[in-house]
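These notes are about the structure you will find just below.
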Amino acid sequence: MAKMQADETPLSSSSASPSLKRPEFVVEEYAEASLQQGKSLGQVHKELSIKVREVRQDLHDLINKRYEDFLALNTSLSGIDHTIDDVRPLLGTLTGEIKRTHEDFSAKLEYIDSRLAYRSAIREKKQMLRLFIDLSQLIDRVESILQESQFLSTASEGSSLEYIKCLERAAVDLGQIRYFVSKGSDYPFVQMAANKMQAIEETLHRALEVFLRSQIAQYLGGQHMDSGSLIACCLRTYSTLEEDERAEEIMRNQLVRPFMLDLLDDKMSQNQLSGTGKGMGLDPKVFESIVHQILEFVRNVAVPLTNAIHNELSSPIYQHLGTRVFWQEISASTISALPLVFVPGIPDRFHKNYLTARHLMDEFSRIFTLAAAEMQANGENSGAGTKTSVLDSSCFAEFSRKWQLSAYFSICKKHALSAILKDSGAGQQSSPLKDDGAYPGSKYFSELPDGRKGGNGDEQHANAKMEKDKLDTLKRQYLLRRDWAARAVWAIEYCWSSEIYLEPLGTSFWHLTLQIVSWYEQMTDERISQLAVKDSSELAKNSAAGEPEIGELLDYIHDMYVLRHQLVAYAKSVIFKKLSQSTEADAVVNHRNSPNAAADREGVATADAEAEAEAAVSRDAENLVTDIVQRLEPLDRTCSYALKNMGAALVASSCNNLGSQIRRATSQFRHTNREPPTTPSPFISKLFSALRSIESQFLTTQSDNNNSDGGGGGEMDSSGMAGEQEFRDRTRAMLRAEACAGISQEMAKACTEALATISKTEASLQRLRKTRVYAGGSSGAASDRERSKKQQALDENALVPADVDLRGKKLSSDNDKIRRQIWLDVTEVGRIIGDHGAHAHDEYNDLVDTIAPLGPA
């Protein structure tokens with residue numbers, strides 16, 4: 001066959017679209033792209049025609065290239081059918097063999113499964129039979145043991161140990177019976193055995209309870225020396241039965257509850273006989289007696305018993321027997337019998353009773369912790385695990401939560417604020433003090449012999465007098481001058497006094513302290529602002545008229561500095577120590593459990609850890625100080641503002657007639673032919689008389705007089721001296737700086753005006769004389785006259801004319817004498833300012849440089 005030829009010649013590649021030349025040409029994509037490009041239908045048809053011719057040409061080329069393979073496609077496949085017919089019988093035979101083999105294996109597997117199921121059933125029946133036999137034997141054995149125990153219970157006391165051991169063996173067997181019954185609960189025989197097991201349990205529990213109660217009674221009566229070990233054996237039996245909570249309940253009811261009921265009934269009758277009625281709380285002495293007897297009971301009864309039990313038992317189940325038996329019943333009985341002891345009806349009693357209760361908890365914890373530590377040191381109870389403090393028990397937390405500390409703090413806060421608000425006009429009409437009022441501690445909450453509060457008018461008058469005496473004592477003691485500062489000290493001391501402060505309320509009392517400081521800051525700030533404005537107006541009129549207000553203002557400023565030093569010292573010495581006491585125990589425990597503690601035990605130095613701990617303590621103390629200082633910062637700024645106003649008022653008062661005084665001092669040299677001056681004017685020293693008067697009257701040391709009146713000492717240390725010194729130094733420095741700068745500025749202005757007047761007068765006289773001379777002169781004098789006018793203008797504007805230099809010269813004219821007097825006065829002002837350690841104003845310094853030629857040398 002001849003090779004096929006292309007019927008059409010393909011178009012040039014340049015005439016076809018590039019998209020048509022891609023090997024993966026798809027008609028749909030090409031059509032969509034053409035529509036997006038905006039091609040017409042004729043263009044698309046033309047390009048597709050070109051593509052058809054190209055494809056046809058490629059087909060022709062492929063046929064021509066592989067022509068022989070193309071012809072082979074038309075050749076028939078002969079012989080394949082005969083081959084398939086020959087293989088088909090063999091395949092059928094192989095399939096039949098495979099099916100028969102599968103059937104044989106399936107039959108054998110079914111036989112094996114049936115045999116295995118039969119053997120499993122036989123095994124299960126055998127196990128059940130063994131279970132029945134073991135269960136029957138255990139029940140028979142337990143019954144025989146219980147019969148033996150009944151015989152031993154009627155024998156002599158020497159058989160108590162054998163009796164409890166029999167019960168213990170019965171408990172072990174009963175545990176196995178429970179296991180078998182739970183395992184075969186579906187079988188009728190086991191269900192019958194369960195009934196017997198229940199009867200055995202009841203018999204065993206009854207026997208154990210009777211035995212435990214009898215041994216507890218013998219232990220309390222001291223009739224049997226081995227009662228502690230026998231009780232331990234009984235508890236071990238209960239533990240085997242997993243009935244340890246039941247054993248603890250029996251011990252609470254039999255061992256602790258009778259003691260607590262007798263004790264509380266007896267003490268409550270004593271409390272009623274002492275005159276304390278319902279709602280008045282419990283007498284602290286009665287509660288102290290109750291706690292004392294409880295601790296004696298714990299030492300004499302609880303500790304020996306728990307030690308004996310721990311010696312016998314290695315199980316950790318009864319490690320907290322002290323809390324779960326003794327403390328739980330002690331706290332429950334106290335809560336039930338003494339509900340009013342937890343209520344701050346009379347806060348003073350509540351405070352004392354709470355401290356007594358804390359003593360009870362701390363002592364209880366210490367007793368059992370020391371006992372456990374001693375046993376562990378002796379190698380006893382080594383398998384009990386790590387010892388922990390009994391205070392970790394939830395029983396202590398529950399007992400502590402019963403105390404209504406928030407209500408107690410509310411009462412204390414009310415009394416503390418009433419002590420300070422009374423003097424601030426906040427609506428308090430009477431003092432909160434009762435009885436002697438000497439200290440706002442227990443005297444705040446004291447009552448009359450018949451249990452009533454308050455008193456008649458005479459008592460209120462006496463209370464007011466004693467309150468005034470207390471405030472006077474505080475002011476002498478802490479170098480204070482005003483009642484507000486003394487009341488703030490009084491209220492803060494009240495919060496942290498041993499008669500009021502409670503450790504769990506440390507944070508609350510600290511916030512109350514900051515609230516008291518804020519009250520003092522606000523009240524004093526307002527009063528100082530009022531006095532600062534009033535003093536300025538009074539001093540501007542007459543320095544003597546404002547002296548009472550000046551004294552009051554400086555007293556408030558003085559108390560701010562002193563009180564700040566006192567509070568900082570008090571925060572470091574008292575408040576921080578009390579706040580840190582609540583975390584000391586935790587810190588010790590944490591240190592013992594830390595890696596540093598292990599290093600200590602191995603002899604490794606821990607200097608870095610100790611330094612870090614000290615640094616942390618120092619940071620905590622500084623945080624308290626920072627809180628107090630920040631609360632007083634607005635008041636400190638107000639004090640500075642008030643002192644600046646006072647200094648400005650001093651300047652206005654002292655320099656009121658400064659210009660006329662200078663004119664009066666210099667006028668004595670006009671046409672009097674007096675000798676040249678050699679001393680400053682007398683009024684110069686009077687410019688600073690108001691400042692000196694305030695310093696001598698209000699800024700002198702008063703601590704010696706205060707201490708001589710019986711003050712000194714107290715919780716706040718002598719840091720008040722430092723506060724008073726800071727007050728004197730800062731007040732004196734600020735007043736001197738403000739007054740000296742102001743006076744020197746006013747002096748510079750007045751002297752500048754006086755010198756300018758002299759210069760203008762001289763220039764006018766000179767101009768008049770030269771005008772007369774030039775009037776009869778020649779025509780060439782015009783230029784000299786013009787130059788003279790310019791020089792006179794310069795001399796008229798200058799404080800010291802260029803041709804005036806009095807240094808080393810004999811003064812003859814009146815103006816030179818006046819200039820020398822002004823120089824002496826200005827120089828004297830500078831000397832006085834230097835003596836005060838202050839700085840003059842810049843205008844004054846410029847004036848001193850300008851009038852230097854007016855000096856003697």
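Computed over heavy atoms, backbone and side chain alike; hydrogens, waters and symmetry mates excluded.
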[atom2] on [Y] to [atom1] on [X], rounded to 0.5 Å:
X: E329; Y: T334; atom1: CD; atom2: OG1; answer: 9.0 Å
X: Q328; Y: E398; atom1: CD; atom2: CD; answer: 10.0 Å
X: R299; Y: L295; atom1: CZ; atom2: CG; answer: 5.0 Å
X: E503; Y: L405; atom1: CD; atom2: CG; answer: 11.0 Å
X: E249; Y: E243; atom1: CD; atom2: CD; answer: 10.5 Å
X: C234; Y: M251; atom1: SG; atom2: CE; answer: 9.5 Å

Which pair of non-hydrogen atoms, one from [X] and one from [Y], has the smallest distance, and what is that distance?
X: A308; Y: S229; answer: CB-N, 4.4 Å
X: P304; Y: V298; answer: CD-O, 4.5 Å
X: I309; Y: A232; answer: CA-CB, 3.7 Å
X: N253; Y: P258; answer: O-CD, 3.1 Å
X: Y219; Y: N300; answer: OH-O, 4.3 Å
X: F364; Y: G322; answer: CZ-O, 3.3 Å

Quick check: F342 with F399 (ring centres under 6.0 Å apart)? yes
Any side-chain donor near an acceptor of the partner, E110 and S114, under 3.5 Å: no
[X] versus [Y]: any side-chain heavy-atom pair under 4.5 Å?
X: W327; Y: M361; answer: yes
X: H205; Y: R246; answer: yes
X: R53; Y: Q57; answer: no
X: L235; Y: E248; answer: no
X: L41; Y: H45; answer: no
X: L255; Y: V301; answer: yes
X: F211; Y: T237; answer: no
X: R358; Y: S400; answer: no

Check ion pair E103-R100 (N to O, under 4.0 angstrom):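 Between R100 and E103 there is no salt bridge, as every charged N stays at least 4.0 Å from the carboxylate O atoms.
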Got a salt bridge between E209 and R206, using NZ or NE/NH1/NH2 to carboxylate O under 4.0 Å?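 A salt bridge is absent here (no side-chain N lies under 4.0 Å from a carboxylate O).
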Quick check: does any side chain N or O of [X] sit under 3.5 Å from a backbone N or O of [Y], one acting as donor and the other as acceptor?
X: Q43; Y: S40; answer: yes
X: S120; Y: L116; answer: no
X: S333; Y: I330; answer: no

The test is side chain to side chain contact (heavy atoms under 4.5 Å, CB included); show your working for L208 and L241 and say whether it passes. CA-CA 11 Å; L208 280 173; L241 294 173; 3.7 Å; yes
Is it the case that atom CD in E242 sees more than 12 heavy atoms from other parts of the structure closer than 6.0 Å?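 Incorrect, the count does not exceed 12.
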Starting from the C-alpha separation in whole Å, work towards a yes-or-no answer on side chain to side chain contact (heavy atoms under 4.5 Å, CB included) for L212 and I216. CA-CA 6 Å; L212 180 57; I216 290 175; 4.0 Å; yes
Report the C-alpha distance between F259 and L220 in whole Å, list the side-chain angles of each, state the deciding distance to 0.1 Å, and finish with yes or no for side chain to side chain contact (heavy atoms under 4.5 Å, CB included). CA-CA 10 Å; F259 165 77; L220 292 175; over 6 Å; no
